Protein chains: 2
Amino acid sequence: MMDEKITHTVEDYLKTIYDITSTHDRASTNQIAESLGVAPASVTGMLKKLAEIDPPIVDYQRHRGVALTPEGEKMALEVIRHHRLIEMFLQQILGYKWDEVHGEADRLEHVISEEFEERIARALGDPSHDPHGDPIPSKDLQMPPSSFLPLCEMRPGQEAVVLRVRDENPEMLRYLSELGIIPNTDLKIVEYSPLDDNLSLQVSGSEKRIVLGPRITSEIYVKVNPA
Amino acid sequence: MMDEKITHTVEDYLKTIYDITSTHDRASTNQIAESLGVAPASVTGMLKKLAEIDPPIVDYQRHRGVALTPEGEKMALEVIRHHRLIEMFLQQILGYKWDEVHGEADRLEHVISEEFEERIARALGDPSHDPHGDPIPSKDLQMPPSSFLPLCEMRPGQEAVVLRVRDENPEMLRYLSELGIIPNTDLKIVEYSPLDDNLSLQVSGSEKRIVLGPRITSEIYVKVNPA
DNA sequence: GAGTTTATTTAGGGATACCTAAAATTTTTT
DNA sequence: AAAAAATTTTAGGTATCCCTAAATAAACTC
């Protein structure tokens with residue numbers, strides 16, 4: 001039995017590091033600590049441990065954070081696949097609402113078997129994106145290709161389709177959902193205010209203009225429509 | 001946030017104690033240790049802790065084991081409800097086989113929310129028994145009444161219906177499954193050997209006689225048909 | 001009912017993942 | 001380039017749940 005038991009919290013570290021390194025070169029101790037809600041000192045300790053597992057799952061360098069090794073990335077993708085398949089499953093098969101799935105998935109992702117993963121994947125028709133628009137890694141852990149932009153980088157005149165909304169914050173999800181901003185929604189940018197980085201935009205169909213700050217627009221990813 | 005975080009392993013202790021006290025007055029340190037696969041000394045430590053939680057969830061007396069308090073029983077029933085609903089769900093909705101559900105349920109039971117519980121209960125039509133024939137506590141934690149006997153207490157001439165089979169041992173479940181012994185099967189007792197407590201019996205339909213030892217017959221519960 | 005066997009508890013430790021406070025290093029500002 | 005600020009690490013500690021070995025208590029047996 002080569003158990004080598006990696007505890008659950010390790011999976012959380014990996015997920016977090018994966019997430020951070022999708023936009024940064026390496027994940028810093030502080031970023032990880034903030035994201036996980038633990039003290040930086042605790043992160044340092046854990047990172048050292050992760051770097052000493054055989055094979056190492058992170059590349060750790062004192063004072064400059066970590067990056068995932070190929071092994072670590074594989075493990076992270078496995079957890080992410082679990083998470084997103086579960087979100088999909090909760091929504092499609094158990095009837096959860098868009099904004100209710102994340103917390104539940106966060107707990108379930110650590111305990112489901114490969115069997116469970118395969119069965120829900122099949123039941124869902126091997127989807128490539130979850131209810132928030134996040135891409136689901138394939139069974140062999142390849143990320144489906146996708147070309148998107150954070151909404152905050154759009155400018156007046158451009159039109160786009162919402163692809164994904166980061167799912168960490170249920171309140172924000174609920175709010176956006178009320179505004180009609182969910183994956184597949186069409187948006188048109190009306191105005192941009194460089195002072196505060198606010199964007200004024202129009203949701204397909206509706207007449208209303210919505211003004212959103214960068215705190216929100218950086219969490220929404222869109223695909224720009226060709227002009 | 002009155003979290004009062006009861007850890008997962010506490011739930012395992014409760015489930016085990018519930019199980020033992022369904023046939024014994026109190027659960028002894030050793031019985032619990034054996035069932036959980038830990039050293040008796042570890043159990044002593046945990047039992048003391050459980051007895052000192054406010055409100056206490058077990059009644060602990062030195063050298064004479066524990067019984068659940070009403071609070072402890074409520075918590076145990078909650079976990080058992082989770083477990084059995086999940087088993088049902090895995091079998092009915094995800095297509096697991098009878099003997100594959102237990103391990104998965106053992107991991108999932110600790111992490112699902114009330115929301116999840118309610119949704120799968122509804123999806124399953126609020127069942128009162130799981131795939132092994134075990135009764136599922138209702139939402140308000142009442143056990144459905146049921147009058148059954150362990151198969152080992154049956155004697156020649158009697159007929160009965162299989163109600164439940166204890167689900168701890170997948171190998172045994174698979175074996176019984178091959179013999180056709182699953183919940184709802186009709187049985188007729190043909191012979192009883194007091195020397196070794198073996199029972200010879202006939203499964204409905206089939207011609208074959210099956211001989212089972214007490215190790216197995218004590219794990220199968222039946223309802224005797226009125227003569 | 002004294003001695004043996006079995007069951008349980010006490011005592012002393014280990015691993016994990018967290019914490020705070022202080023020290024060290026790196027980065028930024030002036 | 002020195003001082004100030006921010007980040008990261010080290011050091012020392014906590015709590016949980018597990019372990020083994022030794023001590024004690026309860027249950028049998030003759």
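Model, not experiment: these values are computed from the prediction. Within every chain, numbering begins at 1; the chains are lettered A, B, ... in the order of the sequence lines, protein sequences first and strands thereafter.
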Just by distance, no angles: are the side chains of A/D140 and A/S138 close enough, under 3.5 Å, to form a donor-acceptor pair? yes
note: A/H63, atom NE2; C/dT28, atom P; distance rounded to Å ~ 15 Å
Under a 4.0 Å heavy-atom cutoff, the residues of residues 33-45 of chain A touching DNA chain D are A/P40, A/A41, A/T44
- Message: Less than 4.0 angstrom between a side-chain N/O of A/T9 and OP1 or OP2 of C/dT16, yes or no?
- Response: no
Has B/T29 got a side-chain N or O lying under 4.0 Å from the OP1 or OP2 atom of C/dT9? yes
Residues of residues 15-23 of chain B with a heavy atom under 4.0 Å from any atom of DNA chain C, listed by number, are none
_Could you check whether A/H102 and A/E168, counting side-chain N and O atoms only, form a donor-acceptor pair closer than 3.5 Å?_
no
Next item on the list: Report yes if a side-chain nitrogen or oxygen of A/K48 is closer than 4.0 Å to either non-bridging phosphate oxygen (OP1 or OP2) of D/dT10; otherwise report no.
Entry: yes
Tell me whether the NZ or CZ atom of A/R166 lies within the 45° cone about the ring axis of A/Y221 and under 6.0 Å from its centre.
no
Q. Any luck finding a side-chain donor-acceptor pair between A/Y192 and A/D197 under 3.5 Å?
A. yes
Between CZ of A/R64 and P of C/dA24 the distance, given in whole Å, is 19 Å
Between A/D12 and A/H110, a side-chain donor and acceptor under 3.5 Å:
yes
request  = Report yes or no: do A/S193 and A/D196 form a side-chain donor-acceptor pair below 3.5 Å?
outcome  = yes
From CG of B/L50 across to C1' of D/dC17 the rounded distance in Å is 12 Å
Whole-Å distance, A/Y13 OH to C/dT16 P, equals 14 Å
Run the salt-bridge test on B/K139 and B/D126 with the 4.0 Å N-O cut-off and return the result as yes or no. no
Taken to the nearest whole Å, NZ/A/K49 to P/C/dC18 is 9 Å
note: B/D12, atom CG; D/dC18, atom C1'; distance rounded to Å ~ 14 Å
In whole angstroms, the gap separating P of C/dT16 from CD of A/E52 amounts to 12 Å
Here the distance between atom P of C/dT9 and atom CG of B/L47, to the nearest Å, is 7 Å
N or O in side chain of A/Y60 less than 4.0 angstrom from D/dT8 OP1/OP2: no
(Q) Can you confirm whether the side chains of B/E73 and B/Y18 place a donor and an acceptor under 3.5 Å from each other? (A) no
When B/E117, B/E109, B/E11 are each screened for side-chain contact (heavy atoms from CB on, under 4.5 Å) with B/E78, the one that passes is B/E117
Closest to the side chain of A/R62, out of C/dC18, D/dT10, C/dT8, is D/dT10
(message) Below the 4.0 Å mark, does C/dT8 have OP1 or OP2 next to a side-chain nitrogen or oxygen of B/N30?
(response) yes
